[in-house]
*Asks:* 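Structure incoming, see below.
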Amino acid sequence: MNSFTYTRTDAIDAAVRERASEPTAKFIAGGTNLIDLMKESVERPTRLIDITRLPLTTITDTVNGGLRLGALVKNADTAYNEQVIQRYPLLSQTILAGASPQLRNMATDGGNLLQRTRCYYFYDIATPCNKREPGSGCSAINGFNRIHAILGTSPADRTNGTAEPHCIATHPSDMCVALAALEAEVRVKGPNGERTIAFSDFHRLPGNTPDIDNTLEPNELITSIDLPAKGFPKYYAYLKLRDRASYAFALVSVAVALEMDESDGRGDIITDARIALGGVAHKPWRKPEAETLLVGKPATKENFRAAAELLLAGAQGFGHNTFKIELAKRAIVRALGQAAKLEPTA
Ligand SMILES: Cc1cc2nc3c(=O)[nH]c(=O)nc-3n(C[C@H](O)[C@H](O)[C@H](O)COP(=O)(O)OP(=O)(O)OC[C@H]3O[C@@H](n4cnc5c(N)ncnc54)[C@H](O)[C@@H]3O)c2cc1C
Ligand code: SF4
């Protein structure tokens with residue numbers, strides 16, 4: 001049994017101060033991931049700082065025409081917010097593709113970004129896991145790795161000087177795949193003040209330090225997620241492929257946001273493209289070259305497949321998950337077709 005203390009505060013500065021004064025404390029928001037990890041003894045905080053009463057529960061306009069999602073807005077409230085539905089339907093769709101209604105009613109937007117991998121070995125403290133216990137090894141590489149990464153795993157950068165990867169875990173969030181495509185920003189506050197992190201820099205690849213999931217400092221609090229003005233409300237799609245039709249994490253997911261030239265009345269030339277993949281890497285995966293390749297081109301399966309090949313360049317399977325490479329390519333082609341309204345979304 002791990003004992004811990006529990007405190008609750010309704011002031012942002014006090015929460016940040018409390019966290020900084022006790023390095024082994026943790027913030028708790030909806031608790032849908034942290035409590036599970038504590039039950040399995042993966043996380044053992046000495047204190048829980050309940051942040052659910054901080055004034056970060058609203059969705060408001062930003063001065064540059066975007067939308068600010070308070071870190072403590074519930075996932076369900078974000079998905080059903082009228083502004084989000086009208087201006088950022090891709091985000092609404094990705095949130096509703098995740099978890100269950102009950103979980104979305106508890107889970108917060110800030111917590112969603114910080115949820116940890118669903119790698120089975122990470123949750124099983126009887127097995128070696130470099131993410132949980134650096135240096136102990138990775139049970140997934142030669143184990144059952146159906147849900148694991150095919151892109152950006154440690155051997156791709158070989159920073160450890162060996163061919164043995166440190167970690168092949170994926171980031172499990174659906175919401176984050178849309179936030180990557182929309183190029184959101186994460187606003188955070190720590191003892192040294194506030195800063196803003198581009199979404200592409202928020203999550204990181206495992207490299208030599210797979211125990212570190214993101215670039216948030218341990219004593220920083222996420223205060224909001226800011227969406228830019230451009231929301232791609234007309235041409236978008238989120239395709240999530242999983243082992244069960246609901247209540248399951250993605251094996252592969254694709255968020256697509258397009259703009260199309262409608263001047264000829266047909267809207268078949270792509271003028272802007274964003275493609276983000278989930279379930280394939282330690283962070284939502286984007287490749288600017290694959291998006292640029294589509295700009296100025298007609299929306300055809302051949303062009304979509306060329307973009308898919310670029311996005312998956314360098315992908316590596318580990319046995320049980322090798323099927324994901326072709327699956328991801330096909331999913332990209334289908335999602336692009338759905339976003340361009342060439343095929344139905346169902
Ligand atoms: C059975 C099940 C199925 C699920 N299926 C899916 C799915 O299909 N797709 C999907 O995307 N997700 C899924 N989830 C994950 C769920 O979305 C996350 O657990 C949830 O979003 C986490 O939010 P929370 O507020 O509950 O975070 P918590 O559990 O409270 O916290 C998670 C982490 O974030 C930290 N934290 C929280 N808020 C802040 C903040 N503002 N600043 C700094 N640190 C903070 C905490 O200290 C903790 O480390 C599932 C979860 C479960 C249990
Ligand atoms: S893939 Fe990462 S999280 Fe899973 S066992 Fe290996 S080191 Fe741990």
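The structure presented is a predicted model; accordingly, all values stated were derived computationally and were not measured. Just follow the structure's listing: the first ligand is 1, and inside any ligand the first atom is 1.
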*Asks:* Could you tell me whether Glu43 approaches ligand 1 through its side chain, its backbone, both or neither, with non-hydrogen atoms closer than 4.0 Å?
*Replies:* neither
*Asks:* I'd like to check which ligand 1 atoms, numbered from 1 as shown, lie under 4.0 Å from a non-hydrogen atom of Lys26.
*Replies:* 47 (O), 49 (O)
*Asks:* Starting from atom 47 (O) of ligand 1, locate the nearest protein heavy atom and write down its residue, its atom name and how far away it is, to 0.1 Å.
*Replies:* Phe27 O, 2.5 Å
*Asks:* Under 4.0 Å, heavy atoms only, figure out whether ligand 1 is touched by the backbone of Ile35, its side chain, both or neither.
*Replies:* neither
*Asks:* Could you check whether any side-chain N or O of Asn105 sits under 3.5 Å from a backbone N or O of Lys74, counting only pairs where one atom can act as donor and the other as acceptor?
*Replies:* no
*Asks:* Return each pair, listed once, that meets ring-ring contact (aromatic ring centres under 6.0 Å, His included) where at least one residue sits in residues 195-223; pairs must be two or more places apart or across chains.
*Replies:* His171-His203, Phe199-His203
*Asks:* Under a 3.5 Å distance rule, please check whether Thr32 uses its side chain to pair with a backbone N or O of Ala107 as donor and acceptor.
*Replies:* no
*Asks:* Show which atoms of ligand 1 fall inside a sub-4.0 Å distance from at least one heavy-atom site of Gly98.
*Replies:* 7 (C), 8 (O), 9 (N)
*Asks:* May I ask you to check if ligand 1 and Gly30 share an N or O to N or O distance below 3.5 Å?
*Replies:* yes
*Asks:* Pick, from Val188, Thr52, Leu114, Leu48, the option with the minimum heavy-atom distance to atom 45 (C) of ligand 1.
*Replies:* Leu114
*Asks:* Does an N or O anywhere in Gly31 fall below 3.5 Å from an N or O of ligand 1?
*Replies:* yes
*Asks:* Roughly how far, to the nearest 0.5 Å, is the CG atom of Leu182 from the CZ atom of Phe232?
*Replies:* 7.5 Å
*Asks:* Would you say ligand 1 has an N or O under 3.5 Å from any N or O of Phe249?
*Replies:* no
*Asks:* Note the single closest protein heavy atom to atom 20 (C) of ligand 1, along with its residue, its atom name and the distance in Å.
*Replies:* Thr32 OG1, 3.2 Å
*Asks:* Would you say that more than 12 heavy atoms from the other residues, nucleotides or ligands in this model lie under 6.0 Å from the CZ of Arg305, or not?
*Replies:* yes
*Asks:* Please walk me through it: do Val252 and Val280 pass side-chain contact (heavy atoms from CB on, under 4.5 Å)?
*Replies:* CA-CA 6 Å; Val252 168; Val280 297; 4.1 Å; yes
*Asks:* Donor-acceptor check, side chain of Arg187 to backbone of Ser224, threshold 3.5 angstrom: yes or no?
*Replies:* no
*Asks:* Nearest to atom 32 (C) of ligand 1 by heavy atom, Gly278, Gly111, Cys176: which?
*Replies:* Gly111
*Asks:* Number the atoms of ligand 1 from 1 as they appear, then name those within less than 4.0 Å of a heavy atom of Ala71, with their elements.
*Replies:* 41 (N)
*Asks:* Can you tell me which residue among Thr223, Ile51, Ile222 is in a side chain to side chain contact (heavy atoms under 4.5 Å, CB included) with Leu72?
*Replies:* Ile51
*Asks:* Please state which protein non-hydrogen atom is closest to atom 1 (C) of ligand 1 and give its distance, to 0.1 Å?
*Replies:* Tyr247 OH, 3.5 Å
*Asks:* Check ligand 1 against Asp36 and write out every atom of the ligand that is under 4.0 Å from a heavy-atom position of the residue.
*Replies:* 53 (C)
*Asks:* Evaluate Thr108 for polar contact with ligand 1, using N/O atom pairs at a separation under 3.5 Å.
*Replies:* yes
*Asks:* Between Asn130 and Gly137 (side chain of the first, backbone of the second, donor and acceptor by atom type, cut-off under 3.5 Å), is there such a pair?
*Replies:* yes
*Asks:* Does CZ in Arg195 sit with more than 12 non-hydrogen atoms of other residues, nucleotides or ligands closer than 6.0 Å?
*Replies:* yes
*Asks:* Measure Arg242 to ligand 1 on non-hydrogen atoms and call it side chain, backbone, both or neither using the 4.0 Å cut-off.
*Replies:* neither
*Asks:* Going from CD1 on Ile332 to CG on Leu310, what distance comes out if it is rounded to the nearest 0.5 angstrom?
*Replies:* 10.0 Å
*Asks:* Name the closest protein heavy atom to atom 15 (C) of ligand 1, giving the residue it belongs to and the distance to 0.1 Å.
*Replies:* Gln115 OE1, 3.2 Å
*Asks:* I need the Lys131 NZ to Cys119 SG distance, nearest 0.5 Å.
*Replies:* 9.0 Å
*Asks:* With a heavy-atom distance limit of 4.0 Å, tell me whether Ala250 approaches ligand 1 through its side chain, its backbone, both, or neither.
*Replies:* neither
*Asks:* If we set the cut-off at 4.0 Å for heavy atoms, which region of Asn75 has an atom near ligand 1: side chain, backbone, both, or neither?
*Replies:* side chain
*Asks:* Can you confirm whether Tyr80 is buried at OH, in the sense that more than 12 heavy atoms of other residues, nucleotides or ligands lie under 6.0 Å from that atom?
*Replies:* no
*Asks:* Run the side-chain contact (heavy atoms from CB on, under 4.5 Å) check on Leu258 and Leu336 step by step: do they pass?
*Replies:* CA-CA 8 Å; Leu258 299 177; Leu336 280 162; 4.0 Å; yes
*Asks:* Do any nitrogen or oxygen atoms of Leu34 lie less than 3.5 angstrom from nitrogen or oxygen atoms of ligand 1?
*Replies:* yes
*Asks:* Under a heavy-atom criterion of less than 4.0 Å, does Glu220 contact ligand 1?
*Replies:* yes
*Asks:* Within the distance-only criterion (no hydrogens, no angle test), does the side chain of Thr7 pair as donor or acceptor with the backbone N or O of Ile49 below 3.5 angstrom?
*Replies:* no
*Asks:* Please report which non-hydrogen protein atom sits nearest to atom 42 (N) of ligand 1, along with the residue it belongs to and the distance in Å to one decimal place.
*Replies:* Ile222 N, 2.9 Å
*Asks:* In the protein, which heavy atom is nearest to atom 21 (O) of ligand 1, and how far is it?
*Replies:* Asn112 CA, 3.2 Å
*Asks:* How many angstroms lie between NE2 in His282 and NE2 in His148, if you round to the nearest 0.5 Å?
*Replies:* 10.5 Å
*Asks:* Looking at ligand 1, is there an atom of it that comes within less than 4.0 Å of some heavy atom belonging to His171?
*Replies:* no
*Asks:* Near ligand 2, which residues have a heavy atom under 4.0 Å away from one of its atoms?
*Replies:* Cys119, Tyr121, Phe122, Cys129, Asn130, Lys131, Cys138, Ser139, Ala140, His148, His166, Cys167, Ile168, Ala169
*Asks:* Step by step, work out the side-chain contact (heavy atoms from CB on, under 4.5 Å) result for Lys234 and Met260.
*Replies:* CA-CA 9 Å; Lys234 188 155 181 194; Met260 312 285 287; over 6 Å; no
*Asks:* Quick one: does ligand 1 sit under 4.0 Å from the side chain of Leu103, the backbone, both or neither, non-hydrogen atoms only?
*Replies:* side chain
*Asks:* Angle class for the Tyr120/Phe144 ring planes (parallel below 30°, perpendicular above 60°, tilted otherwise)?
*Replies:* parallel
*Asks:* Before signing off on this row, confirm whether Lys240 and ligand 1 have an N or O atom pair separated by under 3.5 Å.
*Replies:* yes
*Asks:* Any donor-acceptor pair under 3.5 Å linking the side chain of Asp261 with the backbone of Ile269?
*Replies:* no
*Asks:* Between Asp174 and ligand 1, does any nitrogen or oxygen pair lie at a separation below 3.5 Å?
*Replies:* yes
*Asks:* Which protein heavy atom lies closest to atom 39 (C) of ligand 1, and at what distance to 0.1 Å?
*Replies:* Ile51 CD1, 3.7 Å
*Asks:* Could you tell me the separation between the OG1 atom of Thr58 and the CG atom of Asp77, rounded to the nearest 0.5 Å?
*Replies:* 11.5 Å
*Asks:* State whether the number of non-hydrogen atoms from other residues, nucleotides or ligands found under 6.0 Å of Phe4 atom CZ is greater than 12.
*Replies:* no
*Asks:* So which protein heavy atom does atom 8 (O) of ligand 1 come closest to, and at what separation?
*Replies:* Ala99 N, 2.9 Å
*Asks:* Got an N/O contact under 3.5 Å between Ala29 and ligand 1?
*Replies:* yes
